[in-house]
Colleague: 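I have a structure I would like to understand better, so I am pasting it below and will then ask my questions one at a time.
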Amino acid sequence: MTETDRLIQGMAEGGDFRIIAAQTTQTVETARSLLDLAPVAADALGRALTGSLLLARLLSKDVKRQYVTLRFEGDGPLGAVIAEANVAGAARGFVENPVPLDATLDVPRAIGAGMLSVVRGAPPAGKPYTSQLELSGSGIAQELTRYLAVSEQISSAVLLGVLNRREGVAAAGGIVIQAFPHATTESRAKIEQRIKEAPPLSTLMEKMPIEEVVTTVLQGCNYKQIDPSFNVPLSYTCQCSSERALAPLALFSDDERQEMVDQGGTEVTCQFCGRKYRFSAADILALTAKPDA
Ligand SMILES: [Zn+2]
């Protein structure tokens with residue numbers, strides 16, 4: 001599909017439910033090609049990226065610069081899977097081992113047992129807020145549903161889907177359905193039933209735009225999209241800079257830094273976008289010469 005990635009918002013059951021949905025096909029395809037992801041890695045990171053975009057909007061308290069980082073740190077073959085997005089619709093991510101040997105893995109097994117950390121912050125204001133949850137092995141959408149319930153006291157359903165084809169990511173997207181505390185038992189039951197009956201999200205995403213996907217999933221639930229002027233364009237965008245790439249070198253030991261200086265400098269590759277930053281011996285020396293006080 002050539003339509004641009006976007007986040008849409010709506011309401012269902014007369015305001016009992018808030019709906020946030022995202023079409024992320026191009027964002028996930030960009031991640032796949034930039035990071036050379038095997039299908040299961042594209043599936044995992046695609047779900048995580050979509051989830052981070054949805055959560056950045058869901059948890060936004062009218063803060064312009066808010067971002068959400070999801071870190072899945074399991075003992076599975078993928079290693080760490082990290083996705084980060086801000087409320088303005090920019091997302092980026094990283095998979096530690098993008099090409100696992102076993103090509104038959106599903107996402108929960110590829111991630112394995114471990115922890116999910118969710119960091120949210122709004123630089124430059126204040127300290128970021130981190131929550132940690134043990135992974136239940138039930139898939140990324142389920143982990144995020146559990147995180148929202150346990151850490152944010154938000155009752156919700158999270159649906160995520162990525163469809164891989166031989167030539168790349170054919171469709172990706174997600175929906176978060178948030179139940180407000182005043183939602184009636186009947187309307188909750190109705191929405192749950194619809195979610196249970198709906199075809200897999202990735203199947204729907206391949207056939208129709210996100211607007212129709214949500215309408216299909218929430219058929220009979222009085223779903224109304226709010227004005228498309230509130231849509232947020234989504235993209236895979238890395239905001240790395242030479243300054244940020246240089247900073248971590250300060251954490252290396254004196255010996256390690258001296259080695260870089262002796263070699264005439266070093267090169268740092270951004271793990272999110274593959275951009276390369278070249279630092280001279282003088283850059284590295286300047287880093288340590290900075291007074292701490
Ligand atoms: Zn980058």
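First listed ligand is number 1; within each ligand, the first listed atom is number 1. Numbering starts at 1 and runs along the sequence shown. If you're wondering where the values come from, they're calculated on a predicted model, not measured in any experiment.
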Colleague: Checking Arg257 against Phe252: charged group under 6.0 Å from the ring centre and within 45 degrees of the axis?
Modeller: no
Colleague: Hydrogens and angles aside, do Thr184 and Ser187 bring a side-chain donor and acceptor to less than 3.5 Å of each other?
Modeller: yes
Colleague: More than 12 heavy atoms of other residues, nucleotides or ligands under 6.0 Å from CD of Glu259: is that the case?
Modeller: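 No, not enclosed.
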Colleague: Which residues and atoms, protein N, O or S only, are under 2.8 Å from the Zn ion (ligand 1)?
Modeller: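 Correct list: Cys238 SG, Cys240 SG, Cys270 SG, Cys273 SG.
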Colleague: Report, one line per pair, each donor and acceptor closer than 3.5 Å where one atom sits in a side chain of residues 129-139; sequence neighbours left out.
Modeller:
unit_1, atom_1, unit_2, atom_2, d
Gln132, NE2, Ser117, OG, 2.9
Ser136, OG, Ser138, OG, 2.6
Ser136, OG, Glu143, OE1, 3.1
Ser136, OG, Glu143, OE2, 3.4

Colleague: Does one side chain, of Glu84 or Tyr67, offer a donor that lies under 3.5 Å from an acceptor on the other?
Modeller: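 Distance-only check fails for Glu84 and Tyr67.
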Colleague: Would you say Ser253 and Glu256 are linked by a side-chain donor-acceptor pair, where the criterion is simply a distance under 3.5 Å?
Modeller: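 Looking only at side-chain atoms, Ser253 and Glu256 do form a donor-acceptor pair, the distance falling under 3.5 Å.
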